[in-house]
Amino acid sequence: MKGRSKNGAEGAASGTRADRMRVRAAWMYYVEEMTQSDIAAALDIGRVSVVRLLAEARARGEVRVSVTGALAELTAAERALEARYGLERAIVTPAPGVGEDPSPTISAAIGAFLSEAVDSGMAVGLGWGRTLLESLPFIEPRALEDMRVVSLLGGISQAHRFNPAEFVWRFAQIFNGDAFLLSAPAIVDSPETKSALVDRCGLRSTLDMAEKLDLVVLSVGGIERTATTYRTGYIAETDRRSLEKAGAVGDILFHFLDRTGALVDHPINERIVSADMDAVRRAPARILASGGPEKIDILRASLAFLKPTVLVTDEATATHLLD
């Protein structure tokens, strides 16, 4: 009798300890967002035991996972974009307020993504633009081995709000990598000048590096006269109007596309100092990050032209892309 009572008491005590262990593991995982390995170390149990405790907590109804309406809508948009455009992954940020610029949230999202996507031994090709530049504070610094950052487009002779060369250099610094720049204007005055710069001024080696990239990160530019490229006078208004007349809806690395995603036939194409676009499109990972009402047409065109593996945009833009 006494023995049975003792065993029963021991069983109850054991059950209480198991319950506490299970709930504690669930709390650490779902509330404190600890990894399973960290939980195993904190509770002095094996990782397999942690997995078993979490599964049991879910089965007992001790853990209830709810998805808010806003998050559910974003996730639905991501899955729909992946299906529509053949993406490996879509990342959709919350829509900004009416008339507000979505770039800050897109910059934060692309920065978080690149924190984990970039790794040792990689050759990373970068475009430029405000959205990409403003992603830098959101990238978690890591010291990587044998990591190279290659500029995919020439720079600007007069830096206004951002400097493309600085972007490439700062990105490389974050990962303790080496930066390789295209030290020439993105657009020069003639095909002869471009040829001279590439063949006689040391640009060939950087362009050759761009032939074998593991990952590229690009943004897009619109064609309207208020776009940064035209507002700052980097491309003349006469060129902008002639590009628009030729059917251009915007550019990716200053390669101007029509609504179908085809390159526009225009003399400016012969004056662009950039990596070969066929090489860019061959990179295994192709990240495209942009958004805003003025970018809808060029984003559609770029999705067709680049066929990115990852798209980062905002909710309002995603809605338009799915129309």
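The stretch residues 173-203 participates, sequence neighbours left out, in these ring-ring contact (aromatic ring centres under 6.0 Å, His included) pairs: Phe171-Phe175. Within the structure, the side chain to side chain donor-acceptor pair (under 3.5 Å) test picks out the following pairs touching residues 34-55 (sequence neighbours left out): Thr35-Asp38, Gln36-Arg47. Pairs of residues two or more places apart, or lying in two chains, never qualify as side chain to side chain donor-acceptor pair (under 3.5 Å) while including a residue from residues 115-124. Listed by first and then second residue, the salt bridge (charged side-chain N to carboxylate O under 4.0 Å, His left out) pairs involving residues 168-186 are Glu166-Arg170 (not counting sequence neighbours).
Every residue meeting the side chain to side chain contact (heavy atoms under 4.5 Å, CB included) condition with Leu87, not counting sequence neighbours, appears here in chain and number order: Leu81, Glu82, Tyr85, Ala90, Leu303, Pro308, Leu311. Residues satisfying the side chain to side chain contact (heavy atoms under 4.5 Å, CB included) criterion with Ala172, sequence neighbours excluded, are Val149, Ala179. Take Ala117 and apply the side chain to side chain contact (heavy atoms under 4.5 Å, CB included) test, not counting sequence neighbours, and it matches Phe113, Leu215. A search for side chain to side chain contact (heavy atoms under 4.5 Å, CB included) contacts involving Leu43 returns Met21, Arg24, Ala25, Met28, Ile39, Ile45, not counting sequence neighbours.
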I'd like a table of donor-acceptor pairs (distance under 3.5 Å, sequence neighbours excluded) in which one partner is a side-chain atom from residues 187-194, with atom names and distances.
unit_1 : atom_1 : unit_2 : atom_2 : d
Asp189 : OD1    : Thr193 : OG1    : 2.6
Ser190 : OG     : Glu192 : OE1    : 3.4
Ser190 : OG     : Thr193 : N      : 3.1
Ser190 : OG     : Thr193 : OG1    : 3.0
Lys194 : NZ     : Ile272 : O      : 2.9

Pairs under 3.5 angstrom only: tabulate donor-acceptor contacts from the side chains of residues 96-111 to other protein residues two or more places apart or in another chain.
unit_1 : atom_1 : unit_2 : atom_2 : d
Glu100 : OE1    : Gly97  : N      : 3.3
Asp101 : OD1    : Ser103 : N      : 3.0
Asp101 : OD1    : Ser103 : OG     : 2.9
Asp101 : OD2    : Arg130 : NH1    : 2.9
Asp101 : OD2    : Arg130 : NH2    : 2.8
Ser103 : OG     : Thr131 : OG1    : 3.4
Thr105 : OG1    : Thr93  : OG1    : 3.1
Thr105 : OG1    : Pro102 : O      : 2.9
Ser107 : OG     : Ser103 : O      : 2.9
Ser107 : OG     : Thr131 : O      : 2.8

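Looking at Val220, Asp297, Ile252 one by one, the single match for side-chain contact (heavy atoms from CB on, under 4.5 Å) with Leu257 turns out to be Ile252.
Taking the side chain as every heavy atom from C-beta outward, Arg281 and Lys307 never approach each other to under 4.5 Å.
Clustering of Ile, Leu, Val, Met, Phe, Trp and Tyr by side-chain heavy atoms under 4.5 Å joins Trp27 with Val31. Other residues sharing the hydrophobic cluster of Val51, ordered by chain and number and joined by side-chain separations under 4.5 Å: none, the residue standing alone.
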